[in-house]
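As the structure is a computational prediction, the values presented were derived from the model and not from experiment.
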Amino acid sequence: MSPTLTETAHAGLRRMGSTGSTCGTSSSLVKVCDDHKGGINWVSLSPDGCHLLTASEDCTARLWRTSDNQCCKVLHGHGSYITFCHLENEAAFTCSADQTVRKWEVSTGECLMVYTGHTSIVNRILVSKGHIFSGSYDRTARSWNVVTGQSLQEFRGHRNCVLTLAHFSSYDVLEALDVEEKEGKEFLVTGSTDCTIKIWEVSSGCCYQTLRGHVGAILCVVLDSANGELYSGSTDCTVRRWNMVTGDQLTVFRHHQGSIICLEIVGRHLYSGSVDRTVKSWLTDTGDCVRTYKMHKHSVSTLKYHAGILFTGSGDACARAFNTKSGTLQRVFHGHSFIINCIQIHANFLYTASHDGTLRVWDIKDLCQQNKPPGQKERSLKSKTSHKGSLSHIFNNKVGCSLEASGQSDPAELV
């Protein structure tokens, strides 16, 4: 598939809703960061919460201090737009339509490494355990040594573009993988527009499993490693649940009427955002749809669960906050003029990155306080299928969305 067609299938999703918005500015708006000269495709938060990294169509990435929301470094070097970014405490990583991946020093903004080898747009990167993984429109994924830049593996086998990546270790799954060595092995998961998901052994580059069942491009993948399960969202309007060890398809979630753009798993609940303008909440063990959030006026492009609140970004240029205990739509964040591509949350602030070129900062302290049970702390509940998992409480629905199954609801803060 040519890059143009692929961008229609996936990267072009970030441009949906680009007809503009007449929404006013929300009172909870703290700052508009408008330094970029092109749309922002992604925003990443450092593990220590000190910095944000934005990736833009203007061929630059920018580092921002979360303490004062000021741009502290501009990362120049890519020869085309930046598709994705990942931020560690001391290093930043970007990938681009210029077919390269770059590593940058956070303290100086200096480019430390250029990883080359791809022959088309690099769409995604993932950094884990000393490796940097990348997925490209050239139908391959690759891995490098983060420190030395040495090319380690090329994962070749997909018949079309690689759009999404995930990583897990054999130690992460409860059921032991069939390997001879006593030490754990690392695995890479790739989702492609060829309608398949592949699981690769990182060290050898061999394909361990190919998961077949979707009849559309794979746009998103999320792992429940503690239960040895994987969830995938596709342009075929379904979410599918797989056994990561055997490759068996366990459940098909069928109620969406459009492509699945984003997924997030919280305890035993799975959230899926779709082109059909809804987010659905599912019980992971049964596949039952227990709630549908219907307040969006365009595709749901991104979502994040935090402190009992489901935050969503949409092609209608607005972000929304839903109380997952009551189902109430608590706030609409107006101000962007194009689709919101990514959201991050840190220290009672919501960060929304849009194709309008701005990063907006919103105060959500009151929302978080409203949803936090007074004088009580979170506690974990054991999952029936996992010693590592957690099970969220079930609540009844009220307003702001529809309840799909009687007596079932979403997780809120565990109390």
Classify the ring geometry of [X] against [Y]: parallel below 30°, tilted from 30° to 60°, perpendicular beyond 60°.
X      : Y      : answer
Trp144 : Tyr115 : tilted
Trp282 : Phe253 : perpendicular
Phe168 : Phe187 : parallel

Under 3.5 Å donor-acceptor, [X] side chain and [Y] backbone:
X      : Y      : value
Ser234 : Ile218 : no
Thr358 : Cys33  : no
Tyr208 : Trp200 : no
Thr116 : Thr100 : no

Heavy-atom side-chain proximity of [X] to [Y] below 4.5 angstrom:
X      : Y      : value
Ile265 : Leu223 : no
Phe155 : Thr140 : no
Val300 : Arg277 : no
Ile345 : Phe311 : yes

Run the side chain to side chain donor-acceptor pair (under 3.5 Å) test on Ser203 and Glu201 for me, step by step, so that the C-alpha distance in whole Å, both residues' side-chain angles and the decisive distance to 0.1 Å come before the verdict.
CA-CA 6 Å; Ser203 60; Glu201 188 181 348; 3.3 Å; yes
Glu229/Asn243 under side chain to side chain contact (heavy atoms under 4.5 Å, CB included): CA gap, chis, key distance, verdict
CA-CA 5 Å; Glu229 294 176 350; Asn243 183 300; 5.7 Å; no
Return the [atom1] to [atom2] distance between [X] and [Y], rounded to the nearest 0.5 Å.
X      : Y      : atom1 : atom2 : result
His214 : Ser232 : NE2   : OG    : 2.5 Å
Leu29  : His336 : CG    : NE2   : 8.5 Å
Thr284 : Leu250 : OG1   : CG    : 11.0 Å
Leu211 : Ile199 : CG    : CD1   : 5.0 Å
Arg62  : Gln70  : CZ    : CD    : 12.0 Å
Lys31  : Leu359 : NZ    : CG    : 9.5 Å

For residues 84-94, which side-chain N or O atoms pair as donor and acceptor with protein atoms under 3.5 Å away, sequence neighbours left out?
from  : atom 1 : to     : atom 2 : distance (Å)
His86 : NE2    : Glu88  : OE2    : 2.6
Asn89 : OD1    : Asp48  : N      : 2.9
Thr94 : OG1    : His78  : NE2    : 2.7
Thr94 : OG1    : Trp104 : NE1    : 2.9

CZ/Arg156: more than 12 non-hydrogen atoms of other groups inside 6.0 Å
no
Evaluate the criterion side chain to side chain contact (heavy atoms under 4.5 Å, CB included) for residue pair Trp362 and Arg360; output intermediate values, then yes/no.
CA-CA 7 Å; Trp362 316 82; Arg360 290 176 181 255; 3.6 Å; yes
State yes or no: are the ring centers of Tyr351 and His346 separated by less than 6.0 Å?
no
If you look at every heavy atom in [X] and [Y], which pair is closest and at what distance?
X      : Y      : value
Asn41  : Glu57  : ND2-OE2, 2.8 Å
Ser299 : Ser314 : O-OG, 2.9 Å
Cys195 : Ala217 : SG-N, 4.3 Å
Gly273 : Val279 : CA-CG2, 4.2 Å

Mind running ring-ring contact (aromatic ring centres under 6.0 Å, His included) on His131 and Phe133 for me, showing each step along the way?
CA-CA 6 Å; His131 292 76; Phe133 301 95; 5.7 Å; yes
Residue pair [X] / [Y], side-chain donor-acceptor N/O under 3.5 Å:
X      : Y      : result
His36  : Thr54  : yes
Gln249 : Arg240 : yes
Thr190 : His158 : yes
Arg241 : Thr251 : yes
His167 : Ser128 : yes

Salt bridge [X]-[Y], side-chain N to carboxylate O under 4.0 Å:
X      : Y      : answer
Lys198 : Asp194 : no
Lys280 : Asp276 : no
Arg331 : Asp366 : yes

List the steps, then state whether ring-ring contact (aromatic ring centres under 6.0 Å, His included) holds for Phe322 with His296.
CA-CA 11 Å; Phe322 296 91; His296 310 91; 5.7 Å; yes
What pairs with His51 under ring-ring contact (aromatic ring centres under 6.0 Å, His included), at least two apart in sequence or on another chain?
none
Thr193 and Asn160: side chain to side chain donor-acceptor pair (under 3.5 Å), yes or no, with the steps?
CA-CA 6 Å; Thr193 56; Asn160 223 318; 3.3 Å; yes
